[in-house]
2 protein chains.
Amino acid sequence: MQTTEIPVHTYKKPRQPTREAILDAAELLMSQRGFNGVSLREIARESDVNLGSVTYHFGTKEKLLAAIYDRHTKPMNQRRLELLSEAGRITDRKERLHAIVRAFVIPAFSSQSDVAGGGARFTRIRAILSMEGNEAARHIIAASFDETTNLFVDAIAGCVPNADRGSILWRCHFLLGALYYTLVNGDRIDRLSGGMVKGSDHDRATEELVRATAAALQELDLTKRKAGF
Amino acid sequence: MQTTEIPVHTYKKPRQPTREAILDAAELLMSQRGFNGVSLREIARESDVNLGSVTYHFGTKEKLLAAIYDRHTKPMNQRRLELLSEAGRITDRKERLHAIVRAFVIPAFSSQSDVAGGGARFTRIRAILSMEGNEAARHIIAASFDETTNLFVDAIAGCVPNADRGSILWRCHFLLGALYYTLVNGDRIDRLSGGMVKGSDHDRATEELVRATAAALQELDLTKRKAGF
DNA sequence: GTCTATAGCGTGATAGAC
DNA sequence: GTCTATCACGCTATAGAC
């Protein structure tokens, strides 16, 4: 197969644009140690960029985080909504419920997201940030996903018409918590199972998570709703 | 009602022993902002103690954390095992399953733990730490609870004999993740529900968590186990 | 057992030369 | 757009007076 060749004398090392290099390094590091746990110097070192350039491109550490959110939030929500829309076409309620939950989970785990190889990496950042309680981070998080989440809750409610909406909400909340915890602390599963179960197996994790959540939601529908509740 | 009075001239402000004051302050602060997010200076300031005293009593920040673990791990595990033992006496499988899961959850939420008013506060610390990925913290966490957790998994397996042990493990893992997330990010429930559901309502959280987890576990028992899996 | 003082280093952010 | 130099501050940890 013939490929387009770059003449040797013209070739320049295709160094990433500085801005992108910084973003990538920051994202990787923060997905491992959160916001508080990583310094700007470390990010600069890792991306092979001068510390001053970080400030030049992003201003503050907080704004750098906001930029990371920027490049992931839209694609991930879009992917979720696509999958949700597909799931909505399933008529069987039980099947549809599974598809909806799966539509919520898959983009969070998926590593084929269009940017920088990583839904999972970005979700890890969100997971850690949600626990760090950093004020700077909190308001960036707040509005990025709540809207989409509400659409999912509505779709789920349509599958379990007898269920109390508050209880559905609790289960969606649990789903997110379980998802976050699995993504960051998968190795605990390895330890507890003596190596029999791999926490890093995202496909297995997705299936277990979907199945468990769907079961918990369906149970709500089967139980008679309590009066006025 | 007559009470024992302390003569005014004898009265000395019953200032807590320095060590305890430091522990309390550290625990409160870390339960809000984790390990990385809190400085020793802040702890010293908050406990009204000199910075040097912190080092005198605990040596390093890491050892201070270990001391916090020390005073909570044993009581909490003991309480869990008591409740687990009580639950074990229930003969009906479904009822027993609920009681077992509840025995796991309640001590984590309970604020009537014998020390410093707080299972919940301590569980928050564990939650945040589990995400921070701090190497210092990680090895303190590792062995404190895994043993007890395995006993719970065994007890649960006894309630759902047809379920695959790996899947049970996943659900216990999800339970812990959901628990942690709820304890730290309860306000998200408030936001998503428009204030209709209170994330800070630990009794409600406990019940929803127990019910959801039990349902997810029972579903495992109902489904035919796949061959060789 | 408690305190002050300080060492030695890393932090986020800024100013200004090139 | 990139770099160096530097500010002002916070950090963990230590040494030694009281």
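Only this structure's heavy atoms are used, side chains among them; waters, hydrogens and symmetry mates stay out. First the proteins, then the strands, lettered A, B, ... as listed; each starts at 1.
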R188(A) and S193(A) side chains, donor-acceptor separation under 3.5 Å:
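Side chains of S193(A) and R188(A): no pair found under 3.5 Å.
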
Would you say S31(B) and R126(B) are linked by a side-chain donor-acceptor pair, where the criterion is simply a distance under 3.5 Å?
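Note: R126(B) and S31(B) side chains miss the donor-acceptor criterion.
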
Whole-Å distance between [N] [atom2] and [X] [atom1]?
X	N	atom1	atom2	result
I43(A)	dG10(C)	CD1	P	17 Å
E20(A)	dG1(D)	CD	P	13 Å
F58(A)	dT2(D)	CZ	P	11 Å
H57(A)	dT14(C)	NE2	P	16 Å
N36(B)	dG10(C)	CG	P	16 Å

Nearest heavy-atom pair of G37(B) and E132(B): which atoms, and what distance?
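The answer is N-OE2, 4.0 Å.
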
Would you mind checking if E207(B) and R204(B) are paired as a salt bridge, meaning a charged N to carboxylate O distance below 4.0 Å?
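Result for this pair is no, no salt bridge flagged.
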
Ignoring backbone atoms, test whether S53(B) places a side-chain nitrogen or oxygen under 4.0 Å from the OP1 or OP2 oxygen of dT2(C).
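No, outside the criterion.
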
Under 4.0 Å between a side-chain N or O of T18(A) and OP1 or OP2 of dT2(D)?
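Yes, within the criterion.
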
Test log, rule salt bridge (charged side-chain N to carboxylate O under 4.0 Å, His left out), inputs E208(B) and R171(A)
CA-CA 8 Å; E208(B) 298 285 354; R171(A) 274 146 196 76; 2.6 Å; yes

Heavy atoms under 4.0 Å is the rule here; annotate nucleotides 11-18 of chain D 5' to 3' with B where the base is hit, S where only the sugar-phosphate is, and - elsewhere.
BBBB----

Y181(B) ring center near Y181(A) ring center (under 6.0 Å):
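No - the distance between ring centres of Y181(B) and Y181(A) does not fall below the 6.0 Å cut-off.
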
